[in-house]
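What follows is one structure encoded as structure tokens, with my remarks underneath.
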Amino acid sequence: MRYFVGKIRLLWVVDMPVQNAEIAAMFDQAAELLEIGGENQFRVRAYRRAARVIEGLPKAAGSLLKSGRDLSELPGIGKDLAGKIADIVKTGHFGLLDTLKRKLPGELGEMAALPGLGPKRIKLLYDKLKVRTLNDLRQAIKTERLRELRGFGPAIEKKLLGALEKPQPARRFKLSVAEAEAEALVGFLRGSGRVVVAGSYRRRRDTVGDLDVLVTAKDGAAVGDSLAKYENVAQVIAHGPTRTTVMLRSGLQVDVRAVPEESYGAALLYFTGSKAHNIALRGLANQHGWKLNEYGLFSGKRRIAGATEEDVYEKLKLAYIVPELREDRGEIAAAQAGKLPRLVKLSDVRGDLHVHSDWTDGTVTIAEMAAAAQARGYEYIALTDHSRRVAMTHGLDPARLARQIREIDRLNEGLKNFTILKGIEVDILRDGSLDLPESSLAKLDIVVAAVHSHFDLPRQAQTERVVRALENRHVSILAHPTGRLIGEREPYDIDMDRVISTARKAGCYLEINAEPDRLDLHDLHARAAKLAGVKLAVSTDAHSVDAYQCMRFGIDQARRAWLTVNDVLNTRPLAELRKLLKRRASVRG
DNA sequence: GCCGTTTTCGGCCCGACTGTTTTCAGTCG
């Protein structure tokens, strides 16, 4: 459950709305400096909690304010913080943070990211040695002044110097990459006890910072000893009687925690998180006069629940909350009210609406893609090859598209209980027009539109471009709506609130692309779409038969977005799906 | 700074591990 606040470079442009992530970063930075300054820890915590709440909002704080929402209704945000958010939205500046930076100048916030340095030690360094920058710190170590301070010794010195010489940026790993590591590790530890990978991995976040592994065992130290011998371990960071932390060769950190069988549920709950969800649960326990920790739910010294997660939720008068929802984004209130959504499941999926073939950059024939989908139990796929502008994929021009349509008609005649929908992934050109004439698009069952170029347009131009494409009456679905490639390409700058409201007005749909490098829309945007009444397609963008299996990653994200069967287009039987697609064509036609 | 079936004050999640110390503070999750 590692948590890291990255440095965010803020660039203020006239009319550039402040993003929620930027407000959250400002609150986090303020919390850091307040803490170093010795401020009341609960005030510090309030800023951190507010940062997480802002970060988790499905809409930009600015647009909520514009629509008249009172932000002090949000959990963890009172009158004071609501006012500060409004100021930041209005001016782009956070007065308190500016003041704190004047009072505690330098790189104190950055120092907090170093291992072994927390607020107390940073303040001590600042007060006694006038250490303000990372370079000051380096000098203090080299001149051996650091070790004169109470609480500092050779071990910390060595650790700090290592981090200063070879900075390790906090990395997050794609869920699919973490999954491969996790499965190998579980295989290795099996035999030590019951082994579960918890943390953000179990909550199915799109990226994972570290692996939190729970093992039920009497002898925790033995589990740690065994882990230390795992061939992929590069370094043992900590090793105690119940918890061992190691760094794998891949750079992924692993925490293994051993607990007794009777604490399994409470420990799983604790280790699954999120931290904010846990804090809220413990707060509830307190209200009953109980205590919740990783060993169980306790009334005095008596354990009243803890063997299973279900026990603990039940005792707290909550419906069971699945891991994907445990983010303190309203799930606890929903569980109290019995209003948790019945989330969409992988088995609800009846087809895939974004699929390629060897007519463009796919690896196999249309017939093979169809056969593999039918073998998975699907009722339909939409064949959506690229259009001509995406030249390196040998994209389809009107003539080849017409031939492909005839080919699909021919194939469909030979298929039983399965249909190939005729579609295209049409390129959205720089000006928002589409890469194929209306006469071609009109012949199709489904048109998926997507951006594949000019990722760096300014926000306004990028938004107008996509809005114009969605307003084309032939477009059914916007594919991978922000174009991000996790860890490789940032999302392009676009006003997602406007894209969503356009989709609603135009009667079209947005995609959750299940490809593990994309997972775009991400959970918050998908939830915003649902709240606006826009349905989503969860599609694999499969370029091969094997890629169909990525559907589960898309469904994970759909579940994190609180989506039900009703919110997902491709859970519909074919006839219903056709109606939804047809309604689209007639909205403006 | 937030919040309220303990409601406008007085609480605020809880425990493991390290490195320093010689009994525990600080950091971390």
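Letters A, B, ... are given to chains in the order of the sequence lines, protein chains preceding strands, and every chain is numbered from 1. Small disclaimer: the values here were computed from a predicted structure and weren't measured.
At the heavy-atom level, A/Leu284 lies nowhere under 4.0 Å from the strands shown. Looking at heavy-atom distances under 4.0 Å, A/Lys123 makes no contact with the nucleic acid at all.
Taking atom C1' on both nucleotides, B/dT5 is separated from B/dG1 by 23 Å, rounded to a whole Å. Between B/dT20 and B/dC14, the two C1' atoms lie 23 Å apart (nearest whole Å). Comparing the C1' positions of B/dC17 and B/dT23 gives a spacing of 16 Å, expressed to the nearest Å. With C1' as the reference atom, B/dG10 and B/dT6 are 10 Å apart, rounded to whole Å. Rounded to whole Å, the C1' atom of B/dG19 lies 29 Å from the corresponding atom of B/dC12. Here, B/dT21 and B/dT27 have their P atoms 14 Å apart, quoted to the whole Å.
If you measure from atom CG of A/Leu211 to atom C1' of B/dG29, you get 14 Å, rounded to the nearest angstrom. Straight-line distance from the CG atom of A/Leu281 to the P atom of B/dC12: 17 Å, rounded to whole Å. Remark: C1' of B/dC28 and CD of A/Gln41 are 15 Å apart, rounded to the nearest angstrom.
Residue pairs meeting the ring-ring contact (aromatic ring centres under 6.0 Å, His included) criterion with at least one partner in residues 184-212 of chain A, sequence neighbours excluded, are A/Phe188-A/Tyr230. Judged as a side chain to side chain donor-acceptor pair (under 3.5 Å), the pairs with a partner in residues 215-226 of chain A (not counting sequence neighbours) are, in order, A/Thr216-A/Glu261, A/Asp225-A/His239. Identified under the salt bridge (Lys or Arg N to Asp or Glu O under 4.0 Å) test for residues 230-245 of chain A, with sequence neighbours left out: none. Among residue pairs with one or both ends in residues 174-186 of chain A, those qualifying as salt bridge (Lys or Arg N to Asp or Glu O under 4.0 Å) are A/Lys174-A/Glu488, A/Lys174-A/Asp517, A/Glu179-A/Arg204, A/Glu179-A/Arg552; sequence neighbours excluded.
The ring-ring contact (aromatic ring centres under 6.0 Å, His included) search around A/His522 returns A/His525, not counting sequence neighbours. Applying the ring-ring contact (aromatic ring centres under 6.0 Å, His included) rule to A/Tyr47 yields the partners A/Phe27; only residues at least two apart in sequence or on another chain are considered. Residues passing the salt bridge (charged side-chain N to carboxylate O under 4.0 Å, His left out) test with A/Asp311: none are found, sequence neighbours excluded. Residues satisfying the ring-ring contact (aromatic ring centres under 6.0 Å, His included) test with A/His288, not counting sequence neighbours, are A/Trp290. With sequence neighbours excluded, the residues that form a salt bridge (charged side-chain N to carboxylate O under 4.0 Å, His left out) with A/Arg559 are A/Glu324.
Note that CZ of A/Arg282 is 11.5 Å distant from CG of A/Leu316, once rounded to the nearest 0.5 Å. Summarising the geometry, atom CG belonging to A/Asp520 is positioned 11.0 Å from atom CD belonging to A/Glu515; distances are rounded to the nearest 0.5 Å.
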### Query
Going through the distances and angles, do A/Glu327 and A/Arg52 end up as a salt bridge (Lys or Arg N to Asp or Glu O under 4.0 Å)?
CA-CA 9 Å; A/Glu327 299 289 346; A/Arg52 301 289 76 74; over 6 Å; no
### Contact pattern, 5' to 3', of nucleotides 14-26 of chain B - B, S or - by protein heavy atom under 4.0 Å
BSSSSSS-----S
What does the list of N/O pairs under 3.5 Å between the protein and nucleotides 8-10 of chain B look like, with a distance for each?
none

Distances for protein N or O near nucleotides 2-4 of chain B N or O, under 3.5 Å:
residue : atom : partner : partner atom : Å
B/dC2   : OP1  : A/Gly78 : N            : 2.6
B/dC2   : OP1  : A/Gly78 : O            : 3.4
B/dC2   : OP1  : A/Leu81 : N            : 3.1
B/dC3   : OP1  : A/Gly76 : N            : 2.7

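For B/dC28, the OP1/OP2 oxygens have no side-chain nitrogen or oxygen of A/Lys275 closer than 4.0 Å.
Nucleotide B/dT8: unpaired (no Watson-Crick or G-U wobble partner with both distances less than 3.5 Å).
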